[in-house]
Every structure is written in structure tokens, then in C-alpha cells.
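What follows is a structure written as C-alpha cells; I'll ask about it next.
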Amino acid sequence: LSRRGRTVGMSHGKIEPVRRLKVADSVAEQLESMIGRGDLAPGDKLPPERVLAEQFGIGRSSMREAIRIVEANGMLRTDHGIGVFVVSKTRRTPDLSQLLILGEYTVPELFEARITLERDAAGFAAQRATPDDATVLHDIITAMADPELSDDDFVALDADLHRTITKITRNPILLTLHSSIEPLFVDYSRQVIGLPGRRETADIGHRAIVDAVVGKRVREARTAAVKHIRDVERDIIANLADAHSSTHSATSNRQSTAT
């Protein structure tokens, strides 16, 4: 690493073994931890992508994705042709004005797709869930209730829960459809997980879905799945409204002061 004109070595002792699944997420988590601890400070330049990939023992594409994740969280900045630099020790607060945009799609479009897919998946899962399936679902819910769980781990378990419910349908086409939108779901969840009360509201919705699926209450499972997604929409709209109100109030105050 380069710090204020000098090269700073990157000790292998600070890099932990990477989980085989979700490699980019694991590396991104380690990079953010290193920045948070002060191992990497604002102004530091990261080694080239090739060197980092070798040090973490992963492929360059996974390393590139990990850097993109940390950059999206506001802790890194890429200056093309120059390098990647640490710019903050903490994650950036989500810009609520951007929460309705998701790559090539809008978030309302994602919600429509999720409701269509997850409503029926929950209903079929309620018809077909076995005792073993129930155990898996309860294990995920229990893991998500850990107050020490990081936001990234919560999002990963959130995705795992919805994927597991779709698997329980025993319908490979539904699972393929779910897999096609899961990356959008994960990206969006990372953006909104820091909103006030988001984890608590999500937990209530998840428990309602799981209870209905395990209890084989088909109609209730479908209803709970739709309510869970609608609750997310409600939270986003409420936070957008609060942000707009705060901005309007601040503008009015400045204008009043000026006059």
C-alpha cells in the first residue's frame, strides 16, 4: 500500500482465509474491517488488482467485485489510470434519492417481480414443506436474530431465507426465476439495510412467512409474503418523505435567514 508517498506493506497475517461461497462478499467484508480498524487509512492506495487477488488467494474477477462492493459503500474510490484509494473509515449513509433506481431497473419493477414470484413460492412451499425444511427455515430465522450480526451477514441470510423458501417448492423453474433476480435483491438490500427499523421490520415479516409455511397454511403464507414486500415499500416511501421534508425545512430556514 502507498501512504503519503511511501509504500506500506500488507501483512498476510491480517488477511483471513476466504469462505468458498460468496467470495467477493467475504473479501469486501475483510477490506472494510481493515479500513475500520485503521490497517488501511484514508489516503492509502491499494496494491494493483492482480497483487490483491494473489494475496487473498482469489481470482481477479472476484477481487474486482469485492472492490466494487466496498466502493459502493463509500469507503474506496477508483481513479482510473491511477489506482484505488481509501477515502473513508465508515460506510456512506445511503442516498435516499437513489433508492428507487437499481441498475437497469427500477425498484418498483423489482417489487412487482418479487411479489409475483414470492407470493406463489410461499404458497407452494406451505403445501410441500417437510419437517427437515422447517428446521432449516427456523435455523436461518434464529441466526438472523443475533444482535451482533453485521448488516452484510443479515442481507446474506435474508437472501438465503427467500432462496430456501423457493427451493422448498421443488419447482426448478421457480428456483431459476428466483436466481435471476436474487443479485438485484441483494444489491438493493445492501442499500436499505441501514434505514431505521429495517432489520426489525424484516424480522417480523420473515417470521410470519416461516410460521405460515411450516404450519402449512397456504393462504396465510401467500398473504405474509406480499405484506413483507409491501412493508419494505412503505419504509422506503416513509424515509423518502422524511428526507424530502428535512431538505425542504432546511431550505426554508436558509431563505428565512437570508431575508
Is it the case that the side chains of Asp139 and Thr142 hold a donor-acceptor pair, with the cut-off being a distance below 3.5 Å and no angle test?
no
Any salt bridge linking Arg207 with Asp203? Criterion: basic side-chain nitrogen under 4.0 Å from a carboxylate oxygen.
yes
Please identify each residue that fulfils ring-ring contact (aromatic ring centres under 6.0 Å, His included) with His178, with sequence neighbours left out.
none
Give a yes or no on whether the backbone of Ala208 and the side-chain of Asp211 come within a donor-acceptor separation of less than 3.5 Å.
no
Side chain to side chain contact (heavy atoms under 4.5 Å, CB included) between Arg77 and Val86: does it pass, once the steps are laid out?
CA-CA 6 Å; Arg77 183 189 72 243; Val86 178; over 6 Å; no
With a 4.5 Å heavy-atom cut-off, do Ile168 and Leu137 have their side chains touching?
yes
Testing the 3.5 Å rule here: is there a donor-acceptor pair between the side chains of Ser150 and Asp153?
yes
Within a strict 4.5 Å, meaning less than it, do heavy atoms of the Glu118 and Ile165 side chains meet?
no
Cluster link Ile140 to Ile193, ILVMFWY, side chain under 4.5 Å:
yes
Non-hydrogen atoms of Ser180 and Pro183 that approach each other most closely
O-CD, 4.0 Å
Above 12 or not: heavy atoms from other molecules or residues under 6.0 Å from NZ of Lys216?
yes
What's the shortest heavy-atom distance between Leu117 and Ile181, and which atoms?
CD2-CD1, 4.1 Å
Would you call Asp152 and Ile69 a side-chain contact if the rule is heavy atoms closer than 4.5 Å?
no
Salt bridge (Lys or Arg N to Asp or Glu O under 4.0 Å) partners for Arg50, two or more places apart
Glu54
Hey, does Phe111 have a side-chain heavy atom less than 4.5 Å from the side chain of Val232?
yes
Side-chain heavy-atom pair Asp44, Phe85 within 4.5 angstrom cut-off
no
Are Arg170 and Asp133 side-chain neighbours, meaning at least one heavy-atom pair lies under 4.5 Å?
yes
So which atom in Ala122 and which in Val213 form the shortest heavy-atom distance, rounded to 0.1 Å?
O-CG2, 3.8 Å
Intermediate values then yes/no, side chain to side chain contact (heavy atoms under 4.5 Å, CB included), Met75 and Leu31
CA-CA 9 Å; Met75 301 176 77; Leu31 283 173; over 6 Å; no
Tell me whether Asp79 contacts the main-chain N or O of Ile82 through its side chain, where contact means a donor paired with an acceptor under 3.5 Å.
no
Just checking, any donor-acceptor pair under 3.5 angstrom between side chains of Glu71 and Thr78?
yes
Just say parallel, tilted or perpendicular for the rings of His162 and His228, cut-offs at 30° and 60°.
parallel
Tell me whether Arg190 is salt-bridged to Asp158, with the criterion being a basic N under 4.0 Å from an acidic carboxylate O.
no
Nearest non-hydrogen partners of Glu65 and Ala24, listed with the distance
CG-CB, 3.5 Å
Using side-chain heavy atoms (C-beta onward) and a distance below 4.5 Å, is Gln30 in contact with Phe56?
yes
Taking Thr166's backbone N and O only, do any of them form a donor-acceptor pair with Thr169's side chain (distance below 3.5 Å, no angle check)?
yes
How far apart are the C-alpha atoms of Leu157 and Ile141, what are their side-chain angles, what is the distance that settles it, and do they pass the side chain to side chain contact (heavy atoms under 4.5 Å, CB included) test?
CA-CA 8 Å; Leu157 285 169; Ile141 288 292; over 6 Å; no
Could you pull out the closest heavy-atom pair between Ile58 and Val23, with the gap in Å?
CG2-CG1, 3.4 Å
For Arg60 and Leu52, what are the C-alpha separation, side-chain angles and deciding distance, and is it a side chain to side chain contact (heavy atoms under 4.5 Å, CB included)?
CA-CA 8 Å; Arg60 293 184 65 172; Leu52 280 173; over 6 Å; no
Between Arg199 and Asp151, does any side-chain N to carboxylate O distance fall below 4.0 Å?
yes
Is there side-chain contact between Val87 and Leu76, with at least one heavy-atom pair below 4.5 Å?
no
So does Glu112 get a backbone contact from the side chain of Arg114, meaning a donor-acceptor N/O pair under 3.5 Å?
no
For Met144 and Leu149 the tightest heavy-atom approach is CA-CD2, 3.9 Å
Rounded to the nearest 0.5 Å, what separation is found between the CG atom of Asp231 and the CD1 atom of Ile204?
8.5 Å
